[in-house]
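I have placed the structure first, in the form of structure tokens, so that the comments after it can refer back to it.
As the structure is a computational prediction, the values presented were derived from the model and not from experiment. All values below come from the heavy atoms of this structure, side chains included, with hydrogens, waters and symmetry mates left out. Protein chains get the first letters and strands the later ones, always in sequence-line order, with residue 1 at the start of each.
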Amino acid sequence: MTVTFLGMPADRPFPRNAARAVRNSQLRFNLRKATRTIRARRASVVAEAPDWAELREAGRAIKEHTLRNLDRYLVQLEEAVTAAGGHVHWAADAAEANRIVAGLVKATGETEVVKVKSMATQEIGLNEALREQGITAYETDLAELIVQLGDDRPSHILVPAIHRNRAEIREIFSEHMSGWGRPAPGDLTDDPAALAEAARLHLRERFLKTKVAISGANFAIAETGTMVVLESEGNGRMCLTLPRTLISVVGIEKVLPTWRDLEVFLQLLPRSSTGERMNPYTSMWTGAVEGQEFHLVLLDNGRTRVLADEVGRQTLRCIRCSACLNVCPVYERTGGHAYGSVYPGPIGAILTPQLRGMGSELDRSLPYASSLCGACYEVCPVAIDIPSVLVELRARARHPWAERAGMAAAGWVFERSGRLARLQRAGGRLRGLVPRRLPGPLAGWTDTRDLPEVPKESFREWWDRTDGGRR
Amino acid sequence: MRVALFVTCVNDTLFPDTGRAVVRLLRRLGVEADFPRAQTCCGQMHFNTGYRDEAVRLARRGVAALRGYDAVVVPSGSCAAMIREQYPKLAGPSGPFADAVARLVPRTYELTEFLIDVLGVTDVGAYFPHRVTYHSTCHSLRGVHLGDRPLTLLRQVKGLELVPLPGAEECCGFGGTFALKNADVSAAMCADKARAVLDTGAEVLCAADNSCLMHIGGMLRRQKSGVRVMHLAEILCSTETAGAR
Amino acid sequence: MSSRDLILTRIRRALAGVPDVEIPRAYRGPSTASTAGGSPGSATGGVSGRPDDRARPSGETTVPPGARAEVSGEGTGASGETTRPSDEPTEPPGETAEPPGARIRLFEERVGDYRAVVHVVNEADTAGRVARSLAGRGARRVVVPAGFPSEWLTDADVEALADDPPLSAVDLDGVDGVVTTCAVAIAETGTIVLDTGPGQGRRALTLVPDYHLCVVRAAQIVAGVPDAVARLDPRRPLTWISGPSATSDIELNRVEGVHGPRTLEVLIVT
Ligand code: SF4
């Protein structure tokens, strides 16, 4: 199996990354505050939609139907985009996509591009690939800008700088904006409005003069060839509208069959992601418009492998709303970096190991980065049963031998009720000998929690002795 | 009606008081539950940790042990969810095992479902003069969808002062082997839950799942907080004449 | 094998024997949603699903501009009301179906929720309100796209800039604001949609200037997102605008004003 690149090195396993993150109290505070804010907002706008369950069901089914007919819809999309004056390219993996994009930029003679936030280009490490070709990519989304200026990594699908609070952002702007363009004002405060204003001034000139833009897309309509980008700040509109050349890198699973299908997703996505009835700006364009040159790069990069998996396939329904991250109790404590992929949180825990395979210790540990509490499934607007996919991936993972031995022993005991009864009796006799701290992997429990007292008599012993309490 | 108690391996081994409370509570309500001796474990730990073969073996055992009853009462939302949600997946679309699962699933009730939906009682005649808060537990809430059944029952308990637990729907961080494999995250989640419990000023934390209570209770005890944890069944079993145990 | 063929082959191999699924559309579709359907606790009378095979205004794919501009009255369905294609200059109201006041009020409230400035005026007062808004803003040099009704600017004391020859991005950065009409507006979400039709101009005109004044005719306000999708023509570049530019990137709190117009003012003409 070829190794699929996902924009981040896969090094330590999740529990070790997580252990470090959990001890970072500033991070915990930032994440708790942010995820709780957005959770409440989502809950209130979802509650006010009287047909949410029906929209969710339609969203699930449209995506499922699309995946089932993906070849047909991709060809239809290609035809429609081409008929509308756009150019369509196909990229089997990250390297090919990067090659295509770099070639297109070079053909314009430009060495600078502006970028709209896009998961697909992060996934393929486009910025780094362009840099090797002498092309500078400027991130224009506020959170991406924070990450880029801070030489940091994204930690959230929607808000890549969610791990940073306003004070940290002020520091990053003050220190690093000058290295990339217009410096931050000398008297910059950490008022969010002032920080947004600093970003506005920093990027203004760049928008007005840059000739090439790179974007992703939230949806691509097969029927009409229409591309759809949802955003908030207007940086997306700047990039999509002003430059002479626009290149959109889009995962093959982003296609939707018909124009009408947008009536579902334009309701599901904003309410699930930013917790708004509608995001401030949505741009839709079909082919080359207003004199612009348009290129669409369709990206596989492991998606067809996921598509072939009966249980995992549903992962491709994801519309990257990030609702599952925001509601996840594990993500809330660890943040996104612990997941070692541009896709963190519950969706990352199922998507990364499927795209990248489970060769590394990190990727094998991701399906276990969940208490299976089910909150992600409950909020997912396309009803991806994340817990079931996690459990499926766990079943395929190679397990450590000590765990295998423990599980085999437990299985052996539970195989016969007599064995369980004997174990219980032994436990009852030795109950005084249970130490307060356990060794090895069990110490994870006793470091912070007491063990329950082993009872003198198990339930089944009581039942036998008293005839179910009747004696 | 032939009723079986599926007590669960955790209750059987570590929390026999809960099983006894269920038996006495049902008896008080006129139901003699049977305890099929062949039962052991529903297989959830193996299933959730990725040991499907063992899980299937245990599921087959469980289904066989519970065959022939009109109702199976489970004092654990988590194990009830395992039977109802996962057994059909493990059994596949057809065959004798699938047929047996299909018979068992609609007859499997978490305790509060059995009390309210089958017996039609909300006031079980309990007396428990304490300040109590209720943690909904993930699988009771999102697995078997108990809704407000437990609270409905608790509100009828004489003397009981019910205080809401803020963020009750959030996971306590137990998650079976998650508590060992991701001990740091699990402990961080548990610490937040314990703090929320303490903030309510309750004397007793109650839930419909002993594994979560063992987790939160383990931390509350380590912190010497003085808050007791109790399975819902034990509170519902308490009367003016007989204590919980 | 080209990557195109490679990807398509992989897909076909992955999907061999996988069954297709039905798409249930039991959600609120166009023209059936109640105007207050989105507000919590409000009655949702009249809400119903619509048949999946509902006829589209014209054909399955794209619809010529103007063909899907029917305006339906509350609960009456899309039957025979006067149309006003977004391509044609706007007409005085009275000839079109008047959406009920509830829909206007909901739109007004929802636009206001985004901290946009909203006014409701009648036709006769529109020019005066436009003038007051521009004056209040101190706007002197204002972009006026071709097709913007000239009678709405009669009272305004501004230098009207036409986009002919096209203004450069730098030019646009130097103006005080832009006035436009819109193609459709959505009550439930407080959204205006521009399709670069008459009175709207190309996309950059409403993007670079820091102030956007949009005049919406009451008859252009539809109940929900499905109504808007049904009316719009995807072959035109579309911009959906819900409030001023904003960001949620700092601690996930919404802050108005980043790259797009920091002030959005909406005039609803009844
Ligand atoms: S998995 Fe579902 S909830 Fe998570 S980002 Fe994707 S669509 Fe949103």
Side-chain angles (χ1 to χ4, degrees), chain A residues 33-34 37-38 48-51 54-55 57-58 61-62 64-65 68 70-71 90-92 96 142-143 159 161 165-166 169 192-193 195-196 199-200 208 223-224 226 232-235 237-238 241-242 259-260 262-263 266-267 274 277-278 280-286 289-290 300 304 307-308, chain C residues 2-4 6-8 10-15 18 20-28 37-40 44 47 60-62 110 169-170 173 188-191 202-204 207 225-226 229 234-235 237-253 255 257-260:
Chain A
K33 187 166 177 222
T37 304
I38 191 86
E48 85 176 24
D51 52 351
E54 290 79 13
L55 285 167
E57 182 51 22
I62 291 169
E64 204 56 34
H65 164 77
R68 176 59 196 84
L70 193 57
D71 51 338
W90 301 69
E96 185 175 14
L142 180 48
V159 193
N165 64 21
R166 56 186 79 187
I169 295 168
L195 295 169
R200 177 186 176 92
L208 301 186
E223 175 188 48
T224 60
T226 308
S232 295
E233 297 163 13
N235 64 306
R237 291 178 69 194
M238 290 280 180
T241 311
L242 298 182
W259 169 247
R260 176 192 178 185
L262 279 179
E263 73 188 16
L266 288 181
Q267 298 189 72
T274 49
R277 296 188 185 107
M278 193 61 87
Y281 299 131
T282 298
S283 296
M284 304 177 184
W285 74 97
T286 302
V289 292
E290 293 182 344
D300 180 348
T304 45
L307 188 67
Chain C
S2 71
S3 289
R4 179 185 189 275
L6 176 65
I7 293 170
L8 290 172
R10 285 172 178 171
I11 293 172
R12 286 175 193 135
R13 206 183 306 134
L15 292 171
V18 177
D20 208 340
V21 296
E22 290 289 309
I23 299 173
R25 294 192 192 260
Y27 54 87
R28 294 169 303 158
S39 53
T44 51
V47 172
E60 256 316 293
T61 48
T62 57
R110 295 283 156 96
V170 175
D173 198 30
E188 189 170 303
T189 59
T191 304
R202 63 198 167 92
R203 295 173 295 171
L207 171 62
V225 171
V229 169
R235 290 174 309 176
L238 301 173
T239 307
W240 296 48
I241 300 175
S242 307
S245 157
T247 181
S248 297
D249 283 354
I250 302 165
E251 299 175 6
L252 279 176
N253 268 312
V255 183
V258 199
H259 304 295

Open item on the list: Is A/E290 close to chain C through its backbone or its side chain, or both, or neither, when contacts mean heavy atoms under 4.5 Å?
Closed with: side chain

- [ ] Tell me, out of A/H65, A/R237, A/E96, who's got the most heavy-atom pairs with chain C below 4.5 Å.
- [x] A/R237

Open item on the list: Under a 4.0 Å threshold between the charged nitrogen and the carboxylate oxygen, would C/R28 count as salt-bridged to A/D51?
Closed with: yes

Open item on the list: Looking only at heavy atoms and a cut-off of under 4.5 Å, which of C/P237, C/G243, C/S2 has the most pairs with chain A?
Closed with: C/P237

Open item on the list: Which one wins on heavy-atom pair count under 4.5 Å against chain C: A/R166, A/R68, A/M278?
Closed with: A/R68

TODO: Mind checking side-chain contact (heavy atoms from CB on, under 4.5 Å) for C/R10 and listing every partner two or more places apart, or none if nothing turns up?
DONE: A/A92, A/D300, A/T304, C/L6

Task: Greatest number of heavy atom pairs closer than 4.5 Å to chain C - which of A/R200, A/M284, A/E54, A/M238 - done: A/R200

- [ ] For A/W259 and C/V229, work out which heavy atoms get closest and say how close.
- [x] NE1-O, 2.9 Å

TODO: Provide the closest heavy-atom pair for A/W90 versus C/S3 in the form atom of the first, atom of the second, distance.
DONE: O-CB, 3.5 Å

Open item on the list: For chain C, which candidate among A/T226, A/T274, A/T286, A/T282 shows the most heavy-atom pairs at distances under 4.5 Å?
Closed with: A/T282

Task: Heavy-atom proximity to chain C below 4.5 Å, by part of A/L242 - done: side chain

Open item on the list: So, using side-chain contact (heavy atoms from CB on, under 4.5 Å) as the criterion, who are the partners of A/A143 when residues are at least two apart?
Closed with: A/D141, A/V159, A/P160, A/A161, C/D249

- [ ] Among the options A/S232, A/S283, A/A196, pick out the one with the most heavy-atom pairs lying under 4.5 Å from chain C.
- [x] A/S232

TODO: State the OG1-CG distance between A/T224 and A/L262, to the nearest 0.5 angstrom.
DONE: 8.0 Å

TODO: Look at C/A169, C/S248, C/S245, C/G190 and state which one has the largest set of heavy-atom pairs under 4.5 Å with chain A.
DONE: C/S245

Task: Nearest-0.5 Å distance, CG of residue A/L55 to CZ of residue C/R25 - done: 10.5 Å

Task: CG-OG1 distance between A/N235 and C/T247, expressed to the nearest 0.5 angstrom - done: 8.5 Å

Task: Side chain, backbone, both or neither of C/T239 within contact of chain A (heavy atoms, under 4.5 Å) - done: both

TODO: Determine, for A/R260 against A/E223, whether the closest basic-nitrogen to carboxylate-oxygen distance falls under 4.0 angstrom.
DONE: no

TODO: Check whether A/I62 gets within reach of chain C through its side chain, its backbone, both or neither, counting any heavy atom under 4.5 Å.
DONE: both

Open item on the list: Less than 4.5 Å to any heavy atom of chain C: does that hold for the side chain of A/T241, its backbone, both, or neither?
Closed with: both

Open item on the list: Within this structure, what is the CG-CD1 distance for the pair A/L70 and C/I11, rounded to the nearest 0.5 Å?
Closed with: 4.0 Å

- [ ] Flag the one option from C/V255, C/T191, C/I250, C/V170 with the top tally of heavy-atom pairs under 4.5 Å to chain A.
- [x] C/I250

Open item on the list: Quick check for you: among C/L15, C/V21, C/V225, which has the greatest number of heavy-atom pairs under 4.5 Å with chain A?
Closed with: C/L15

Open item on the list: Let's test your reading of the structure: which of C/D20, C/T189, C/D173 forms the most heavy-atom pairs below 4.5 Å with chain A?
Closed with: C/D20

